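Below is one structure, written out as structure tokens; comments come after it.
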Amino acid sequence: MSLVCLALNLDFMTFTDIKNLLVQQFGEEIVLDTEAEAKQPWVQLAPESWEAVARWLRDTDSLYFDFLACLSGVDYGVKSEEMGVVYHLYSLIHEHGLVVKIRVPRDGSMDIPSVTSVWKAADWHEREAYDLVGIFFRGHPDLRRILMPADWEGHPLRKDYESPDSYHGIKIAY
């Protein structure tokens with residue numbers, strides 16, 4: 001390993017370090033829940049602050065989460081009455097990661113701020129979550145279906161989704 005790589009590794013932060021910095025910067029009310037013992041430790045954040053927090057996570061030198069590896073829309077089930085998005089962030093320079101969960105009420109607008117202005121990779125990921133789960137990303141530059149036809153009704157990965165028998169006269173039920 002080169003000396004440059006060794007020097008960069010010195011800034012590695014644990015999940016607890018990152019969570020403490022979040023609380024220090026934004027206050028305790030920003031963190032709604034955490035799971036430090038999970039295989040991929042996660043923090044659940046308040047949706048209304050997500051874009052500002054995302055920008056801070058990317059722009060803070062000691063964190064520098066420059067890579068949005070994955071963004072997934074989640075249906076937590078009709079009984080939970082919540083939908084959400086899970087973000088997998090990584091710092092290529094510091095070699096640390098963070099999983100962020102944002103949850104919203106199922107019966108509301110399911111509105112989460114877009115982070116396309118923070119990570120360009122969020123563009124298609126947010127469109128996919130919108131298309132398949134129905135999460136609305138406020139401020140997205142082109143929020144439209146990406147996998148399903150534009151006139152498709154419903155969101156196929158929602159747990160309460162009922163597949164139609166046909167689409168434009170084509171039988172789709174098995």
Side-chain angles (χ1 to χ4, degrees), residues 18 22 26 30-35 38-60 63-92 97-174:
I18 295 166
L22 269 168
F26 294 98
I30 193 84
V31 177
L32 303 179
D33 198 4
T34 63
E35 179 55 67
K39 188 169 187 173
Q40 292 183 324
W42 54 266
V43 59
Q44 181 187 341
L45 302 176
E48 57 275 0
S49 306
W50 173 227
E51 185 180 8
V53 173
R55 192 170 310 286
W56 178 81
L57 288 168
R58 185 201 61 196
D59 294 346
T60 300
L63 298 172
Y64 194 61
F65 286 106
D66 56 332
F67 180 46
L68 171 63
C70 184
L71 174 164
S72 302
V74 179
D75 182 346
Y76 291 103
V78 178
K79 287 182 182 177
S80 79
E81 299 181 356
E82 288 187 310
M83 304 286 281
V85 179
V86 178
Y87 301 83
H88 290 257
L89 309 177
Y90 193 72
S91 171
L92 296 171
L98 180 65
V99 176
V100 175
K101 294 183 178 188
I102 307 292
R103 292 175 85 147
V104 292
R106 180 185 199 89
D107 61 353
S109 65
M110 295 187 297
D111 184 358
I112 294 175
S114 174
V115 290
T116 55
S117 66
V118 180
W119 299 289
K120 292 290 184 195
D123 187 352
W124 283 30
H125 291 286
E126 288 180 355
R127 286 182 59 194
E128 179 182 36
Y130 165 73
D131 190 4
L132 299 177
V133 183
I135 302 287
F136 181 80
F137 293 92
R138 181 178 5 94
H140 189 283
D142 186 22
L143 193 60
R144 59 188 164 99
R145 291 196 181 268
I146 192 168
L147 297 172
M148 304 302 291
D151 62 345
W152 192 268
E153 296 204 15
H155 304 280
L157 293 185
R158 289 182 62 146
K159 294 188 178 182
D160 60 352
Y161 178 74
E162 292 184 23
S163 183
D165 293 330
S166 65
Y167 173 73
H168 293 286
I170 301 168
K171 183 178 177 180
I172 56 175
Y174 294 69

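Everything quoted here is computed from the prediction, not taken from an experiment.
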Any idea which heavy atoms bring [X] and [Y] closest together, and the distance?
X	Y	result
A122	V115	CB-CG2, 3.8 Å
S114	G139	CB-C, 3.9 Å
S91	D66	CA-OD1, 3.4 Å

Spacing of [X] atom [atom1] and [Y] atom [atom2] [to the nearest 0.5 Å]:
X	Y	atom1	atom2	value
Y167	I172	OH	CD1	9.5 Å
L132	Y161	CG	OH	10.0 Å
F137	H125	CZ	NE2	11.0 Å
L143	T116	CG	OG1	9.5 Å

With sequence neighbours left out, the residues meeting salt bridge (charged side-chain N to carboxylate O under 4.0 Å, His left out) with D111 are R138
Please check if atom OH in Y90 has more than 12 non-hydrogen atoms from other residues, nucleotides or ligands closer than 6.0 Å.
yes
For residues 116-133, the salt bridge (Lys or Arg N to Asp or Glu O under 4.0 Å) pairs (sequence neighbours left out) are D131-R145
Side chains of residues 97-110: which donor-acceptor partners sit under 3.5 Å, not counting sequence neighbours?
from : atom 1 : to   : atom 2 : distance (Å)
R103 : NE     : E82  : OE1    : 3.0
R103 : NH2    : E82  : OE1    : 3.0
R106 : NH1    : D75  : OD1    : 2.5
R106 : NH1    : D75  : OD2    : 3.4
R106 : NH2    : D75  : OD2    : 3.1
R106 : NH2    : D160 : OD1    : 3.2
R106 : NH2    : D160 : OD2    : 3.3

request  = With side chain to side chain contact (heavy atoms under 4.5 Å, CB included) as the test, would you mind laying out the steps for L71 and V85 before giving the verdict?
outcome  = CA-CA 7 Å; L71 174 164; V85 179; 3.7 Å; yes
Examine distances only and state if a side-chain atom of H155 and a backbone atom of Y130 form a donor-acceptor pair shorter than 3.5 Å. yes
Ring pair (Phe, Tyr, Trp, His ring centres under 6.0 Å) filter on F65, not counting sequence neighbours, yields H96
side-chain hydrogen bond (donor to acceptor under 3.5 Å, both in side chains) filter on T34, not counting sequence neighbours, yields none
Show me the side-chain donor-acceptor pairs of residues 43-52 shorter than 3.5 Å, one per line, residues at least two apart or across chains.
from : atom 1 : to   : atom 2 : distance (Å)
W50  : NE1    : Y87  : OH     : 3.2
E51  : OE2    : R55  : NH2    : 3.4
E51  : OE2    : S117 : OG     : 3.1

